[in-house]
Structures are given as structure tokens and as C-alpha cells.
Asker: 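First, the structure itself, so that you have it in front of you.
Just so it is clear: chains get the letters A, B, ... in the order the sequence lines come, proteins before strands, and each one is counted from 1. These numbers were taken from a predicted model, which means no experiment stands behind them. FYI, side chains are in, hydrogens and waters are out, and symmetry mates aren't considered; it's all heavy atoms of this structure.
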Amino acid sequence: MNAFRFLGDMTHLFSVLVLLLKIYATKTCSGVSRKTQELYLLVFVARYLDLFTDYISLYNSVMKIVFITSSAAIVWYMRRHPQVRRTYDKEQDTFRHSVLVAATFVLALIFNDRFTFREICWAFSIYLEAVAILPQLVLLQRCRNVDNLTGQYVFFLGAYRAFYILNWIYRYFTEGHHSRWIPWIAGLVQTGLYADFFYYYFLSWKNNVKLELPA
Amino acid sequence: DSDDEKHDEL
């Protein structure tokens, strides 16, 4: 495992834990898109189903379990917890996420490495992950004033994908992967979606002011 | 093979 891949995994893990701890500690989820969280849960379940069929390493299995359980916990808090669910911005979080699920599933049926259950699930999870942040970005834009922790959550999530792209470039040159166009394209789209957010995040950090996204 | 190496990522 190269350093980019490891840093990617760590920023990814950190983003999910930051969000879970924020919700757990403050008992609020304002500014957090439940739709994005449900999409991520679906992404993790679709991709990490191989947990039960293919053993790769202890690191791999533990991380998969942590990702599935922590995102399930976030969804559970937002849907079921008596205090947390009342702070959910339901009226603002209106993105039609079922459209994203349907579109990426069809895409996975057409573009996959092999027409098998495992490969279709894998391609679906990659495509869905690329666009899963959209409801969250729309919600952040509507709320204008972004909570520090929510801002950090999106920042680490974006950093994760950027590190993964560096990892793929590194692997491409050191191991010679030639048929990895699915994650390449999806990863570039996914990272591109964050570009705007990153720009305002750095501005707020540089000027030491609260993050605010333009309408 | 090339299928397995992508599945070792998260």
C-alpha cells in the first residue's frame, strides 16, 4: 500500500468519524444532508458486500466494517434519534436522490468490467459515490453559513478522493494498470464536484472567517 | 489479476 492510498483511507475514515462524533456530541444534524448519508450507506453496502466472500487483509476487513457501521449509525441518528431527527433540515434537503441511484445503476449495468453480480455492484458503488455528495453540496449552499464541523467533513471527504487519484497515478506508473478507466473517470468527476467547495474553504481558512458558500 | 487488485482498495 502506498502513502497516497493510506492517506486517502485515513482522510475518508476521519471525515465519517468527524460527522458521527459531531452528531453524537451535539445531538444536532443541521446542515447535514440525510440523503447524502443514505447514498453513502448504499455505496458502502454495494461495494463491501465482498467482505463475506473475499478476504484481502485484516486492515481491509476492519475498514469495511467501520465504514458500513459508522454510516449506518449516522443514518440511524438522523432518522430515529428523538433529539437529532428534529434538527434535520428536511425542507431544505430536497435533492431527488432516487434519480441518482437509478441513473448510476443503469450506468453500472451498461459499463462494467464483467457482467457479474460482484462487478455490477462494484461499478454501481463507484458511480454512485462520485455523485453522492450532490445533495450535501446543495444543502450547504442553501444553509449559507456552514458549521465548522460540517465544513471539515466535506473537506476531508474531498481530500480522500484527491489522495485516491494520486494513488491511482502512482499505481499506474509503478504497477502498470491499464484497464482502470471506471474509477479514473468517476474519481475525476467526484473530485471536480468538490473543486468549488475547496475554493471557498481555502478562502475562509486563509482569511480566518467562517465558511460561507455563495448562493 | 487486474480484477482483484481493484478490489483490494476501499
Side-chain angles (χ1 to χ4, degrees), chain A residues 1-2 4-13 16 43-44 47-51 53-57 59-68 112-114 116 118-119 121-123 125-126 129 160-161 163-165 167-168 170-172 174-184 186-187, chain B:
Chain A
M1 191 188 332
N2 62 67
F4 300 122
R5 153 80 199 278
F6 183 69
L7 283 171
D9 285 348
M10 288 304 112
T11 45
H12 194 188
L13 182 67
V16 181
V43 164
F44 291 145
R47 194 178 312 159
Y48 301 157
L49 272 180
D50 64 357
L51 184 66
T53 53
D54 302 83
Y55 179 80
I56 292 152
S57 65
Y59 171 83
N60 220 281
S61 299
V62 169
M63 290 291 271
K64 286 175 177 176
I65 293 168
V66 169
F67 280 131
I68 292 174
N112 51 65
D113 285 340
R114 208 177 293 165
T116 60
R118 186 192 190 203
E119 289 302 324
C121 278
W122 184 82
S125 79
I126 295 287
E129 185 185 351
Y160 140 67
R161 220 50 190 175
F163 277 126
Y164 252 68
I165 287 182
N167 158 52
W168 294 330
Y170 181 85
R171 288 188 81 169
Y172 179 82
T174 55
E175 300 165 32
H177 298 275
H178 297 288
S179 58
R180 310 247 305 164
W181 57 271
I182 290 180
W184 277 92
Chain B
D1 63 11
S2 68
D3 274 348
D4 290 320
E5 64 207 17
K6 79 183 182 207
H7 290 292
D8 73 13
E9 289 182 348
L10 291 165

Asker: Does any backbone or side-chain atom of A:F44 lie under 4.5 Å from a heavy atom of chain B? Answer side chain, backbone, both or neither.
Answerer: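 Nothing of A:F44, per the 4.5 Å heavy-atom cut-off to chain B.
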Asker: Return the NZ to CD1 distance between A:K64 and A:I56, rounded to the nearest 0.5 Å.
Answerer: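 Separation between the atoms: 4.0 Å.
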Asker: Chain B heavy atoms under 4.5 Å from A:N60: which part of the residue, side chain, backbone, both or neither?
Answerer: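 For A:N60, heavy atoms of backbone and side chain both lie under 4.5 Å from chain B.
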Asker: Atom OH in A:Y170, atom CG in A:N167: separation rounded to 0.5 Å?
Answerer: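 One finds 9.5 Å between OH of A:Y170 and CG of A:N167.
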Asker: Verify, without hydrogens or angle tests, whether A:Y160 (side chain) and A:L13 (backbone) share a donor-acceptor contact under 3.5 angstrom.
Answerer: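 No, A:Y160 side chain to A:L13 backbone: no donor-acceptor pair under 3.5 Å.
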Asker: Decide if the gap between the ring center of A:F163 and the ring center of A:H12 is smaller than 6.0 angstrom.
Answerer: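 Aromatic pair excluded; centres sit 6.0 Å or further apart.
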Asker: Can you tell me which of A:R5, A:R47, A:M63 forms the most heavy-atom pairs within a distance under 4.5 Å of chain B?
Answerer: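 Top option by heavy-atom pairs under 4.5 Å: A:R5.
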